[in-house]
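Here the structure comes first, spelled out in structure tokens, and everything after it is commentary.
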Amino acid sequence: MTGEAEAPDVAAQKGTRPLWSRDFVLFFAARAVARLGDTILPVALAAGLLQHGYGGGAVGLAMASTAAAFAGLVVFGGVIADRFSTRRLMIGADLVRLGTQALAAALFYSGHVVLWEICAIGFVNGVAGAVFQPGVASTVPRLASDVQGANGAIRIAESVAQLVGPAAAGVLVGLASPGGVFVAHAATYAVSALCLLLLRLPPSTPGSRPTGHGGGAFRADMVEGWREFRSRTWLWAVIAVWCLYMIAVWGPTVPLVATEVVQEYGPGAYGLINSALGAGTVVGGFLALRLRPRRMLRAGAFSLFGFVGFPATVGAGLGIPAMAVGAAVAGAGMSFWGVMWATSVQTQVPPDVLNRIHAYDVAGSLAMMPVGQALAGPASGLLGADQVLVAAGAMSFVVAGALLAVPAIRDLVRVDAPVAGSRPAAAPGERTARAEKG
């Protein structure tokens, strides 16, 4: 349909795609560099806007413009990604963001910084991100037969970028200026686009992309994606539980941990705890490379019990060493869950609807995070920040328990290759029976 210049390598022709093939290395590099850019952007925005006389509210507004555009449009991006070349869409999105960040750099270098212009740039970046992100889900299983290993490797790279990025941005701000950081950020999109341009994807399964055109077909594709999403109990149940997680656990934990630690122990201690959290995510990625549970979501749900250590140690005032250990354990659990979840979606969902379902996944997962963050302040004012953090730790047990309480989630049996066809996934009991017979 799209005329992509994509050719399978020899291994792909034989039905096996090795993990560290040339094409996966290119995609791995693109994701790692892009994640590095994402982690330096908040530092650049904060330093640049504060330097030009704006306050913290302006920084939040600039970041929110990107988040709002992304969350509001990612579902449409999923439909587009299922209809056209995901590789070309991702390259185009990277080139758009290369241009917007280069423009932002020029504004900061010139000293002409107007908030609405920065917010408009952020909005365009969010739109580009909404077009880019859905294609990530379908690209991974096309590049590597070991989908779990690929996700684990990418998670490790992104975790390392999370550790390195803010420190690198701080150094750049000190040595150059906020404009220099925006130049570096624009360069990450250039590198990502170049890697994707050199990438050669195996051809899609015949008939795996919608062929209709026009607004009616577009709406039909959206409806089909929603129908496929609803038909998988394990899928929508996880998203429903994740909404609770965002409201009661992650949403309040991030701002309140920052506030409490900085006020009580100083920014250096907060940096240490964040580093421990990042180191934990690296460990979780390595564990996901090694462990191959038969019921991936069950194993991932058990790993989420470890998240209690992040908010609860801070809320209980247990001291910096205990907080760092709690953050590391939490990071490992979250990272392991992330790989189990991403791999389950990419292997259990048919390729023809994968981008749309991934878009619903992303939109649903992020929808409640602003609510949790917005409620953190009033809740801490009413109950006290320490009590809210302890409650968030307790709710992390509730969330993990809720995941395990749903049979469709805990009994889902792994599939080591993407499923073919567009039929809804078999019920967990049926899949288990077939696996045991085979």
Side-chain angles (χ1 to χ4, degrees), residues 33-77 89-133 161-162 165-193 251 254-255 258-259 262 267 362-363 366-367 369-374 376-377:
V33 172
R35 182 58 181 157
L36 181 65
D38 291 341
T39 61
I40 69 175
L41 178 60
V43 179
L45 272 176
L49 290 174
L50 292 173
Q51 190 179 88
H52 285 82
Y54 293 98
V59 177
L61 186 61
M63 293 181 180
S65 63
T66 301
F70 178 84
L73 297 174
V74 69
V75 171
F76 299 98
L89 287 172
M90 289 190 288
I91 292 171
D94 274 340
L95 293 178
V96 167
R97 290 180 289 187
L98 167 62
T100 57
Q101 296 312 93
L103 175 60
L107 293 176
F108 279 102
Y109 272 127
S110 70
H112 179 75
V113 178
V114 181
L115 182 58
W116 75 263
E117 294 175 344
I118 301 300
C119 290
I121 289 173
F123 185 87
V124 174
N125 286 341
V127 174
V131 173
F132 184 101
Q133 183 61 37
Q162 183 73 44
V171 172
L172 282 172
V173 169
L175 294 178
S177 68
V181 184
F182 277 98
V183 170
H185 190 210
T188 64
Y189 289 124
V191 173
S192 175
V254 173
T259 302
V262 170
V362 172
L366 296 179
M369 183 169 65
V371 177
Q373 291 173 332

Please table the atom pairs, donor to acceptor, closer than 3.5 Å between any side-chain atom in residues 111-123 and protein atoms at least two apart or in another chain.
none

Using the side-chain contact (heavy atoms from CB on, under 4.5 Å) rule, take Asp38 and His185 through it: C-alpha gap first, then chi angles, then the decisive distance, then the call. CA-CA 8 Å; Asp38 291 341; His185 190 210; 4.3 Å; yes

Can you give me the closest heavy-atom contact between Val96 and Ala128, atom names plus distance? CG1-CB, 4.3 Å

For Phe182, give me all partners under ring pair (Phe, Tyr, Trp, His ring centres under 6.0 Å), at least two apart in sequence or on another chain. Phe108

What are the two closest heavy atoms between Asp94 and Ser192, and how far apart are they? OD2-OG, 2.6 Å

Is a donor from one side chain sitting under 3.5 angstrom from an acceptor on the other, for Asn125 and Thr100? yes

Can you tell me how far apart CD1 (Ile91) and OH (Tyr189) are? Round to the nearest 0.5 Å. 15.5 Å

May I ask you to test the Gln101-Val183 pair for a side-chain heavy-atom distance under 4.5 Å? no

Restricting to non-hydrogen atoms, name the atom on Arg35 and the atom on Ala161 that form the minimum distance, rounded to 0.1 Å. CG-CB, 3.9 Å

Taking distance alone, no hydrogens or angles, what donor-acceptor pairs closer than 3.5 Å link side-chain atoms of residues 68-77 to residues at least two apart or in another chain?
none

